[in-house]
Amino acid sequence: MPVSSPAQVRQEARLLFRRHRGALSIALSVHVLAAAAGLAGPFLLGRMIDGVIEGTTTTRIDVLAAALAGFIIVQALLTRVATKRSLVLGERVFAELRESFIARVLHLPLSTVERAGTGDLVARTTGDIDALSRTVRFAVPEILVAVVTTVLTLTAAAITGPLVAAGAIVGAPLLIAGTRWYLNRARAGYLWERASYATLNGTVTETVDGARTVEALGLAGVRVTRIDDDLRETFAAERRTLFLRSVWFPTAEMAYALPVVATLAWGAWLASAGHATVGQVTAVVLYMVQIVDPVDRLVSWLDELQVGLSSFARVVGIGNVQPDRYPTGAEPDGEDIRADDVRYAYVKGQDVLHGVSLDLAHGERLAMVGPSGAGKSTLGRLLAGIHPPRTGRVDVGGVPLVDLEVDQLRREVVLVTQEHHVFVGTLRDNLALAAPNASDDELRHALAAVDAIELADALPEGLATVVGSGGHPVGPAFAQQIALARIVLADPHTLVLDEATSLLDPRAARHLERSLSAVLHGRTVIAIAHRLHTAHDADRVAVVEDGRIAELGSHDELVAEGGAYAALWESWHGTPAQPADAR
Ligand code: ADP
């Protein structure tokens, strides 16, 4: 999945700053006031020392000491207000980012999500969002405050004792050189680190998801090797960024310790030569000590900012995925599904469908049969509007499926597969996904239509029972019925059906078949048939071979033709073609 360019990241960050300009300037102004109050300390101390040396009155010293205490209190109060404001601002900005990220993810074309795999997306929604949250909530405010404090402190030092403060310059070259060296390498390093974690995440998730397969095929060793390889990659990436930090941090530490030493030595000489007062030297050296903290924070948060920026690039990058549908607002005229010379490729240059055309009248039942890998599921996904065809078109009522909004599309055609996820939430929520405005009566009606109302009523709290991972357990048959009830609620006129009952025990399967036929009633059905009696019962049968429709006609016609379907039927049925009702 794409990662945005540095220019785009800057642009997005600028927009974000602009949207919160008001709140940001208030928070910053209070920080400036707090930092300014903090500057009074060294200045007043310097005056006190000079006062003592000159032998001024003790009252004057007392006034200076009282002022010092006052400034410290004012600074503490202002810092509190400023910190609170910038934290609130950080939270608000982060919430906004998270929302826009979720919106972007939810609008990703399904085909992109399938192609990219879940690892990358999961890494972006977890690790990258976490990293970004630290950056937005803490790094950005801290950096702004540290910059303000540093600039103000330097200015104060320059005003208090310009000659003495000149000594501080020795730290600058080291800091600038070290920082440039680091920043030039950090982005690539952290992007590598993040990407390697995404890969590791993907491998582990896939291994856990496919645990049964792994066990059945004795693949544990292979998977462990893969995970080890991925871990090695993350290790190498971590080492790289650690190396960058291990050079940069000490360099920076040295760079901000140098000014303290330099101003002290240089100031001592100036004072002894009579070019500066002891008070001035004290004040400037104290400023240099005071500056260590903000510069230190600046350094460590700059590092965090690098991590955050790479995560930001990955999070924003999601928005670069091109949509695969362009809703025009056109209204389908009728319910006929029509595919015209459709081609499709998962991998560029390798078509898996080679010019498929198909006409389905409303209410027709079509069964697709053919060898595995022939392209049945792919064609099914195209007919359901999940994948847009590479060339050619798939229409409903004369309008291309890709011209319909997803919401509208799902009222026309729905794909029913064996994957029926029960979401964490109440049974009511699970059903209402398909029809947000449905009343409880309508939900119950849908459950009744798929013969599941008794199961639902047997739940401890009926429709309000929390189901899904961690909730009340739901058996596979019931899960499938919930999925079917959603279809009843969504009420599309056409269903693409990847035969779904094969994994259940025969009794549950028969029960489900009844539920299913209730759902299919009155709709156009395109069934990807794994069992030939589905084909036998259909109005027409399409034999898909090598990405083409090799034969198309009713069961009887195809059997009479004596082609591939007739051979299939014969081998399945064991005897030459039988009359249609002999099963
Ligand atoms: P069938 O449903 O008839 O078994 P499919 O439509 O699943 O056939 O597959 C058709 C071809 O497309 C096969 O060669 C398969 O390897 C390929 N294919 C299916 N899904 C993907 C995918 N997500 N990415 C790449 N190739 C795929």
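Counting begins at 1 with the first residue of the sequence. Hydrogens, waters and symmetry mates are skipped; everything else that's a heavy atom, side chains included, is used. Every number for a ligand or one of its atoms is a count from 1 in the order of the listing.
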(request) Enumerate the protein residues lying less than 4.0 Å from ligand 1, judged by heavy-atom distances, in chain and residue-number order. (result) Tyr346, Val352, Pro371, Ser372, Gly373, Ala374, Gly375, Lys376, Ser377, Thr378
(message) Under a 4.0 Å threshold between the charged nitrogen and the carboxylate oxygen, would Asp128 count as salt-bridged to Arg194?
(response) yes
(request) Tell me, please, which residues at least two apart from Leu455 pass side-chain contact (heavy atoms from CB on, under 4.5 Å). (result) Phe478, Gln481
(message) Between Asp228 and Arg232, does any NZ, NE, NH1 or NH2 come within less than 4.0 Å of an OD or OE carboxylate oxygen?
(response) no
(request) State whether a side-chain donor-acceptor pair under 3.5 Å links Glu442 with Asn437. (result) no
(message) What I want to find out is whether Arg338 reaches Asp359 closely enough, with some N-O distance under 4.0 Å, to be called a salt bridge.
(response) yes
(message) Looking at Asp539 and Arg365, is any side-chain nitrogen of the basic one under 4.0 Å from a carboxylate oxygen of the acidic one?
(response) no
